[in-house]
Amino acid sequence: MFPQDPFSGAPDALVPPHSGAPSAASPLLAHLNDEQLAAVTLPAGHALILAGAGSGKTRVLTTRIAWLLQNGYATPGGILAVTFTNKAAKEMVARLSAMLPVNVRGMWIGTFHGLCNRLLRAHHKAAGLPQSFQILDTQDQLSAIKRLCKQHNVDEERFPPKQLSYFIASCKEEGMRPGDVPTHDSDSRKKVEIYQLYEEQCQREGVVDFGELMLRSYELLRDNDPIREHYQRRFQHILVDEFQDTNKLQYAWLKQLAGNDVGGRYEARGSVIAVGDDDQSIYAFRGARVGNMTDFVREFDVQRQIKLEQNYRSYSNILDSANHLISHNSRRLGKNLRTTQGAGEPVRVYEASSDLAEAQWMVDEIKQLVRNDGFERKEIAVLYRSNAQSRVIESALFNASVPYRVYGGLRFFERAEIKHALAYLRLLENPHDDTSFTRVVNFPPRGIGARSIEVLQDAARAAGCSLHDAVSAVPGKAGANLGAFVAMVDVLREQTQGLNLRGIIEQMLESTGLVEHFRTEKEGADRIENLQELVNAAESFVTQEGFGRDAVALPLDEHGTPLIQSVQSPVSQGLDPNAPVLDEPLKPAVPGIVDADTGETLSPLAAFLTHAALEAGDNQAQAGQDAVQLMTVHASKGLEFDCVFIGGMEEGLFPHENSASDRDGLEEERRLMYVAITRARKRLYLSHSQTRMLHGQTRYNIKSRFFDELPEAALKWITPKQQGFGSYAPSFATHSGAGSAYGSSARGQFGFKSETFASPPVPAQKAAPSHGLRAGIAVFHTKFGEGKVLAIEGTGDDARAQVNFPRHGTKWLALSVAKLTVVE
DNA sequence: TAACTTCTAGTTTTT
DNA sequence: CTAGAAGTTA
């Protein structure tokens, strides 16, 4: 059945039967549908699982692992499961420990970055890093680059640090070191030069950024045969979640773990199972390559592909809408979700006159859903394409006293006061961390200004040492102040020797004067509270899972042979699903990260700092509250709600104007819409608005093209005929007032407005163009003044004109909304 | 050094 | 419009 034995060299006992009915008697496999069962009990070999939204993907992944263990096809140590987010990794661990009464110790389950971190700590020597290297987050990386630019007199106008940071991150994602980056002009040569300098700086300071974490561990595996082969031998079963989101480097990393390039031909040892959904690929903009899915099938010679198309989440009106929409994309692997649930409520579509009116409608609707239909507020989500849209909705909810929660703000470990505290802690670990040094050298203020720091930096560069070591070279008062700072940190380091993590942090908060500083600040109370929260976070980090539970990387001897043989204990032992679950608390008995060469463990402080960098923490408090959930569509991926509102369904917004120009961009927007729709279980509401405040200007948007790609039968337009009155409705009158152009005839403005505003399922009246406009004529707009019509497009409500205004540039205006008069 | 003013740009984002 | 950054002044 298989062209080559994928398990060559592996113990026979680990090979699942290539055929034969799975033991359906197992309670593990109960309640799985045929597709899921097939995926869970896949025979050895590589496989691609196309898991549609709401098809029980996580369940399949975890059950697969449990099944492998239970049947003795794998040992915990032979399993590596990789995800993108900490949340997904945690969920997998949680579900797995609920399924198996055995601890998950021994399995490598984590994010790409988390696993890379573990690998690099264990083999830091081979990777050329200090054991307690620190991790730079995006903020830290940017400030490191800024510092570098200043030092090397880089013109920040021509090379904005933000752009450089993006450039460096992209290079690393492509697997390129400075020497590998093609250069064509002086600009790109300069960028590569800065990239090189940045690398040297990081190396000197003992820090790595997120990209480096991936790239360095990829290179570690690639260039170090014993280490690579050790892990290849160990991980017989590799499972990858959200495979459609992997970038080039992550895929290459997986290939290193799974097998070798043999004379241009790729031979994978273990079994790689990639789970993903090409229709939910929404991160191409940050380097994700959906193409990895087809590459995987080709390069791993994948013999088995399973589609999970049974959806357990949504009613069919919602699902039909999703299917119909996504069918407009080309280049799909092909998948159609189905459900056994009924049609459910139609998808409701609403047209508002303004963004304010749209928000108000949402609030009214939400109140009804809660009051009349008994939905919980936390089961109602409002999704939008871009963050700017949340404001109006927030204020409408606020004014109506509806509790809400906005996702996507600053996260706990990203808060300024927390970053300051962490910087001090880092300096305790590594005095040469110049990024942390500069962050807190004058915070709280201690009379060390920009001038002093400049002098210090020059001295450090001249001596080729860290800022910490260069302090003594700075003369005068500045030098004295700097000396006092360094002495304070050094004393603190002495004082905290032997203290536990909590003690270290409390001592630090005291000695550095951080808490004292915020006591005098007006907004300081919250910050002090957060610092207290940091102590709590450290406390629970030590006592809870996380620190201590993880697998120990097997130490290797100089030939790369494991010093401790992986334990081949009878796996069946303790795997009886009916066995009582041990409820002994997880103790930090075994340190999580061990040096493979020395057996040295990472200090609790270093481990906590790693944790802080890799897991920025939940954003915003009151997570448990019964509050309406507000978030971008991107942030909603992986979540589900009873009721979902998708606002701002307008051309230019969704699909976004920056993406609508090329096909790939538009297809990603469509996938984004697909993700948004499939979040809903029971009710789905779509809305668009005729006018919207954006960048301080009123924009007139026409409704999204995506409406035309939804099945008419599943939709219901609910815009009331009377809607559009009151203060929110833009007047249809011309600039000279309601009376002149249309007149307040017998028809009355009510009748007139209702027809104009209500958006019936379209083509009802396809009357001749009533606007009387054509290209070339001059028009007047109340806001923009006089302009010239360049083009007309569409009919009826969709009609819009491109007008060039001398003062405001060329704009597309929806004629059903914009106040245009023909200039005689 | 800190408070104040002016300027500018403005999708999506995890690790 | 409005947040964040850069520039300016006491």
Side-chain angles (χ1 to χ4, degrees), chain A residues 82-89 110-117 135-143 146 156-157 160-162 165-166 169 172-173 208-215 217 241-242 245-247 249-250 281-288 355 383-392 395 407-411 413-414 416 442-453 478 481 521 610-619 631-638 648 652-661 665 668-669 671-673 675-676 692-699:
Chain A
V82 60
T83 64
F84 272 88
T85 63
N86 291 299
K87 205 174 150 203
T111 62
F112 276 100
H113 297 267
L115 298 179
C116 287
N117 173 55
I135 298 166
L136 300 185
D137 67 13
T138 326
Q139 272 178 57
D140 300 329
Q141 192 201 31
L142 190 63
S143 58
K146 280 182 180 165
E156 297 192 17
E157 295 273 89
K162 274 241 176 66
S165 141
Y166 174 78
K172 292 189 180 182
E173 276 169 9
V208 301
D209 59 36
F210 289 132
E212 188 69 23
L213 227 36
M214 275 309 313
L215 182 53
S217 73
D241 191 20
E242 305 279 18
D245 288 339
T246 52
N247 62 34
L249 178 58
Q250 283 156 341
S281 157
I282 56 172
Y283 286 111
F285 74 91
R286 65 168 194 222
D355 47 351
L383 310 184
Y384 33 81
R385 174 64 238 267
S386 62
N387 284 303
Q389 289 169 254
S390 76
R391 277 185 161 278
V392 230
S395 76
Y407 277 73
L410 258 197
R411 284 151 1 147
F413 287 114
E414 289 167 357
N442 195 37
F443 192 92
R446 36 177 84 86
I448 300 169
R451 199 65 253 273
S452 309
I453 294 169
N481 286 341
E521 215 181 50
T610 293
H611 165 82
L614 250 28
E615 198 168 336
D618 276 334
N619 53 39
M631 67 192 83
T632 63
V633 179
H634 282 93
S636 76
K637 186 165 163 224
L653 251 189
F654 204 178
H656 197 276
E657 52 200 347
N658 298 357
S659 308
S661 49
E668 179 145 316
E669 293 288 308
R671 292 192 292 269
L672 203 47
M673 183 65 197
V675 167
R692 184 173 296 277
M693 274 298 257
L694 201 64
H695 308 331
Q697 272 196 330
T698 306
R699 298 220 334 195

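Each chain gets a letter, A, B and so on, in the order the sequences are listed, and its residues count up from 1. Side chains included, hydrogens not; waters and symmetry mates left out as well; all remaining heavy atoms used. It should be emphasised that the depicted structure is a prediction, and the values quoted were computed from it without experimental measurement.
- The nearest pair of heavy atoms linking A:Gly447 to A:Asn481 is O-ND2, 3.3 Å.
- Among the heavy atoms of the strands lying under 4.0 Å from A:Ala450 are primed sugar atoms or P, OP1, OP2 only; no base atom is included.
- A:Arg385 has a carboxylate O that lies under 4.0 Å from a charged side-chain N of A:Glu669, or vice versa, which qualifies the two as a salt bridge.
- Using a 4.0 Å cut-off, no side-chain N or O of A:Asn387 falls inside it from OP1 or OP2 of B:dT11.
- For the pair A:Pro445 and A:Gly696, both in contact range of DNA chain B, the more 5′-proximal nearest nucleotide belongs to A:Pro445.
- In this model, the phosphate group of B:dG10 is not approached by any side-chain N or O of A:Ser386 to a distance below 4.0 Å at OP1 or OP2.
- When each of B:dT12, C:dT2, B:dT13 is scored by its nearest atom to the side-chain atoms of A:Arg391, the top-ranked nucleotide is C:dT2.
- Here A:Ile448 lies in heavy-atom contact (under 4.0 Å) with sugar-phosphate atoms only.
- In summary, of the residues considered (A:Lys637, A:Arg671, A:Arg286), a salt bridge (charged side-chain N to carboxylate O under 4.0 Å, His left out) with A:Asp245 occurs for A:Lys637 alone.
- Across all strands, A:Asn442 comes closer than 4.0 Å only to sugar-phosphate atoms, never to a base (heavy-atom distances).
- Summary of the strand contacts: A:Glu669 and A:Ala616 both lie near DNA chain B, and taking for each the nucleotide with the nearest heavy atom, the more 5' one is attributed to A:Glu669.
- The phosphate of B:dT14 has neither OP1 nor OP2 within less than 4.0 Å of any side-chain N or O from A:Asn247.
- Between A:His695 atom NE2 and B:dG10 atom C1' the separation is 5 Å, expressed in whole Å.
- Remark: the A:Thr111 side chain and the B:dT14 base include no donor-acceptor N/O pair separated by less than 3.5 Å.
- A 4.5 Å side-chain heavy-atom check between A:Leu213 and A:Leu614 finds at least one atom pair inside the cut-off.
- In this entry B:dT12 has no Watson-Crick or G-U wobble partner, no candidate having both defining distances under 3.5 Å.
- The shortest distance between the side-chain N/O atoms of A:Asn658 and the OP1/OP2 oxygens of B:dT12 is not below 4.0 Å.
- One finds no side-chain N or O of A:Arg446 lying less than 4.0 angstrom from the OP1 or OP2 phosphate oxygen of B:dT1.
- The aromatic rings of A:His634 and A:Tyr283 are tilted relative to each other, their planes meeting at an angle between 30° and 60°.
- Between the side-chain ring of A:His656 and the base of B:dT11, a stacking contact exists by the 5.5 Å and 30° definition.
- Within the 4.0 Å cut-off from OP1 or OP2 of C:dC1, not a single side-chain nitrogen or oxygen of A:Arg692 is found.
- The residue A:Gly211 sits apart from the nucleic acid: no heavy atom pair falls under 4.0 Å.
- Proximity of A:Asn86 to the phosphate of B:dT14: no side-chain N or O atom is located under 4.0 Å from OP1 or OP2.
- Look at A:Phe285 and the base of B:dT12; the rings stack, centres closer than 5.5 Å and planes less than 30° apart.
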